[in-house]
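For reference, the structure discussed in these notes is given below.
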Amino acid sequence: MNQPSSNTAPKRQGIFSKIRSMDLTTGNLFFKLVLFALPMALTTILQLLYTTVDLVSVHYWGGGENSASAISGNGALINLIVVMFSGISVGANVAIGNAVGAKRRDHAQKVLHTSMIFGLITGIVVGLFGFFCTPFFLKLIDVEPAYLEEATQYMRIYFVGMPVLMVFNYAAQVHRAIGDSSTPFFALLLSGLLNVLFDFLFVYVWRLNVAGVAWATVISEATSAFLLILSLFLHKKAFVHLEWKQFKIDPSSLGEIVKLGLPAGLQGFFFALPNTFIQAALYDIGTGNVPLQNGAIAANNINNFNYAFIEAFASATMAFTAQNFGAKKKENIRKVLTYGLIWVAILEALYSLLIAFAYQPLLSLFVDGDNTAAIMAGRDRLWIVGFTYILDGIMDVTSGSMKGMRHPLAPAIITALTCTVFRILMIEGVILRVEEMRTVLWLYSVYPFSWILAVIADSVCLPCIFKKEAKKMEMENSAN
């Protein structure tokens, strides 16, 4: 049995300290879960808002609609590349969260420093790879020739900032692992204000158009990464903190990060990959139909705001589960899963009401309000995907629970089979080949159909994993 006296960080005092380092194993977990998830949702929403500011900046101050499409049209492709490698940072979250619950501070310190180095190296490699392969990627998804040059320019500058983006992702995961979801939010809030300022300077004042918003994004990402790293250096009483003398790769910790994080990264890749096929299929089905494409992009932007909350509760479920798994509190693991599902159900019920009655003003934020064709196309995507988003929420929350119990491979396999293989087979093998099914309705329907399959698989897999791990906890608790 570990001795808490040698590995436990000093107790912290004061309201601010409690907010910065929330204990995820005690207290009212139902309300703690939403308090923990809300800053993460707001962090993602801020990122989406800053992207929206980028789009508005080039639309009104830069090259107009084509420039905006150059940024938004390749979003699925950027997400596909980024999400896999940034997803590996989940390994650091789970490893440190388990260590917090088990009160193994020395081990958490090794994971922290290893993850920071690994994140930086990964960012450099991915940045170089993406920079030189950008033309090939854009050709792969059949980007419209009208904005191909600007899309290439934007993506290449974006990949220049990949090292700082990866460092931010790893640092944010570390903060969340120790119960601090607010610091990443405030770091992004400050850096995002810089992003807005530089959008104005680069696009409106200096007329750099797409390149301007890309460099503004890189600068803001570097700022947010710096603030999180600075926080880890300065708060020496936190469960983990950075020290220059400890900056080295610990092979055992690296292996743990990759073992826990790689399946999560692959899961993100499997989840994002079909989106590029859906985007390409949309161009195919709607060749020359610009309102259809613009409406679909607008609807996707709105759905992304909703997904921010789903992702936040899934990540919160993972973080809470990780700490309670380390503390061997099986009942708390069960409660966290239940509470996560309840919160997602509440949020999706509210979202369904919102898009049912306010789809037109929402879509008008991204397309001209008098463009009826684009509004109707956006409405179709909003309704088909939005009304069934609860299924995605169930899938993500159950997946977060499995990851927190150190079983990331199961949800990765389920996602690969349901959200990747099934969707691609439906699109390439059925929808694009059967003339009667070459419609937007059938194309968007692959989302809810795949979510149903994933929920069924998760409902079978998760109870088996929990039962197995609960038995281990009982045996270890009895031995101690």
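The structure places CE of Met22 at 8.0 Å from OG of Ser182, a figure rounded to the nearest 0.5 Å. Here CG of Leu228 is found 11.0 Å from CZ of Phe226. Values are rounded to the nearest 0.5 Å. The distance from the CE atom of Met473 to the CD1 atom of Ile333 is 3.5 Å, given to the nearest 0.5 Å. Rounding to the nearest 0.5 Å gives a distance of 12.0 Å between CG of Leu347 and CD1 of Ile342. Here CD of Gln173 is found 10.0 Å from CZ of Phe168. Values are rounded to the nearest 0.5 Å. In this structure, CG in Leu441 is found 4.5 Å from CD1 in Ile384, a value given to the nearest 0.5 Å.
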Does the pair Leu362 and Leu354 meet the rule for a side chain to side chain contact (heavy atoms under 4.5 Å, CB included), with working shown? CA-CA 9 Å; Leu362 288 173; Leu354 180 65; 4.0 Å; yes
Decide salt bridge (Lys or Arg N to Asp or Glu O under 4.0 Å) for Glu331 and Arg334; before the verdict, give the C-alpha distance in whole Å, the side-chain angles of both, and the deciding distance to 0.1 Å. CA-CA 5 Å; Glu331 288 306 316; Arg334 195 197 307 270; 3.4 Å; yes
I would like to know whether Ile229 and Val167 meet side chain to side chain contact (heavy atoms under 4.5 Å, CB included); could you show each step before the answer? CA-CA 8 Å; Ile229 293 296; Val167 169; 3.9 Å; yes
Before you tell me yes or no, could you show the steps for Leu55 and Asn301 under side chain to side chain contact (heavy atoms under 4.5 Å, CB included), namely the whole-Å CA-CA distance, both residues' side-chain angles and the distance that decides it to 0.1 Å? CA-CA 11 Å; Leu55 294 174; Asn301 288 334; 4.3 Å; yes
Give the C-alpha distance, both sets of side-chain angles, the deciding distance and a yes or no for side chain to side chain contact (heavy atoms under 4.5 Å, CB included) between Val82 and Leu165. CA-CA 9 Å; Val82 172; Leu165 176 61; 3.9 Å; yes
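Using modelled atom types, one side-chain atom of Ser191 and one backbone atom of Leu188 make a donor-acceptor pair closer than 3.5 Å. Between the side chain of Arg423 and the main chain of Pro274, no donor-acceptor pair closer than 3.5 Å is present. One N or O on the side chain of Asn98 and one on the backbone of Ala322 form a donor-acceptor pair closer than 3.5 Å. Checking side-chain atoms of Asn332 against main-chain N and O of Thr25 turns up a donor-acceptor pair under 3.5 Å. A distance-only check finds no donor-acceptor pair linking the side chain of His241 to the backbone of Lys237 [under 3.5 Å]. For the pair His235 (side chain) and Ser231 (backbone), a donor-acceptor distance under 3.5 Å is present.
Residues Phe309 and Trp343 place their aromatic rings such that the two centres sit no closer than 6.0 Å. Residues Phe422 and Phe449 keep their aromatic ring centres 6.0 Å or farther apart. Residues Phe137 and Phe129 place their aromatic rings such that the two centres sit under 6.0 Å apart.
Across Ala214 and Tyr154, no two heavy atoms sit closer than the pair CB-CD1, 3.7 Å. For the pair Thr26 and Lys32, the tightest heavy-atom approach, listed with the atom from each and the gap, is O-NZ, 2.9 Å. Across all non-hydrogen atoms, the minimal contact from Asn303 to Arg381 is ND2-O, 4.2 Å.
For the 3.5 Å distance criterion, the side chains of Glu348 and Asn306 qualify, holding a donor opposite an acceptor. Between the side chains of His113 and Glu243, no donor-acceptor pair is found at a separation under 3.5 Å. Between the side chains of Tyr307 and Asn300, not a single donor N or O lies within less than 3.5 Å of an accepting N or O. A donor and an acceptor atom, one from each side chain of Ser181 and Arg176, are nowhere located under 3.5 Å apart. Lys403 and Gln267 share a side-chain donor-acceptor pair at under 3.5 Å. A donor and an acceptor atom, one from each side chain of Asp180 and Thr183, are located under 3.5 Å apart.
Between Leu273 and Ile424, some side-chain heavy-atom pair lies under the 4.5 Å cut-off. Using a 4.5 Å heavy-atom cutoff, the side chains of Phe159 and Thr134 are in contact. Contact check for Asn304 versus Thr44: no side-chain heavy atoms found under the 4.5 Å cut-off.
Between Glu476 and Lys328 there is a salt bridge, since at least one side-chain N of the basic residue sits less than 4.0 Å from a carboxylate O of the acidic one. Between Lys259 and Glu256 no salt bridge is recorded (no basic side-chain N to carboxylate O distance below 4.0 Å).
Each of Thr418, Thr398, Thr415 was scored for a side chain to side chain donor-acceptor pair (under 3.5 Å) with Asp458, with one residue passing: Thr398.
Aromatic ring pairs are classed by plane angle as parallel below 30°, tilted from 30° to 60° and perpendicular above 60°; the pair Phe30 and Tyr339 is perpendicular. Ring-plane geometry between Trp383 and Phe387 is classed as parallel, the angle between the planes falling under 30 degrees on a 0 to 90 degree scale with a further cut at 60.
The environment of CZ in Phe233 is crowded: more than 12 heavy-atom neighbours from other residues, nucleotides or ligands sit within 6.0 Å. A 6.0 Å sphere centred on CH2 of Trp442 holds no more than 12 heavy atoms belonging to other residues, nucleotides or ligands.
Considering only residues two or more places apart in sequence or on other chains, Glu428 meets the salt bridge (Lys or Arg N to Asp or Glu O under 4.0 Å) condition with none of them.
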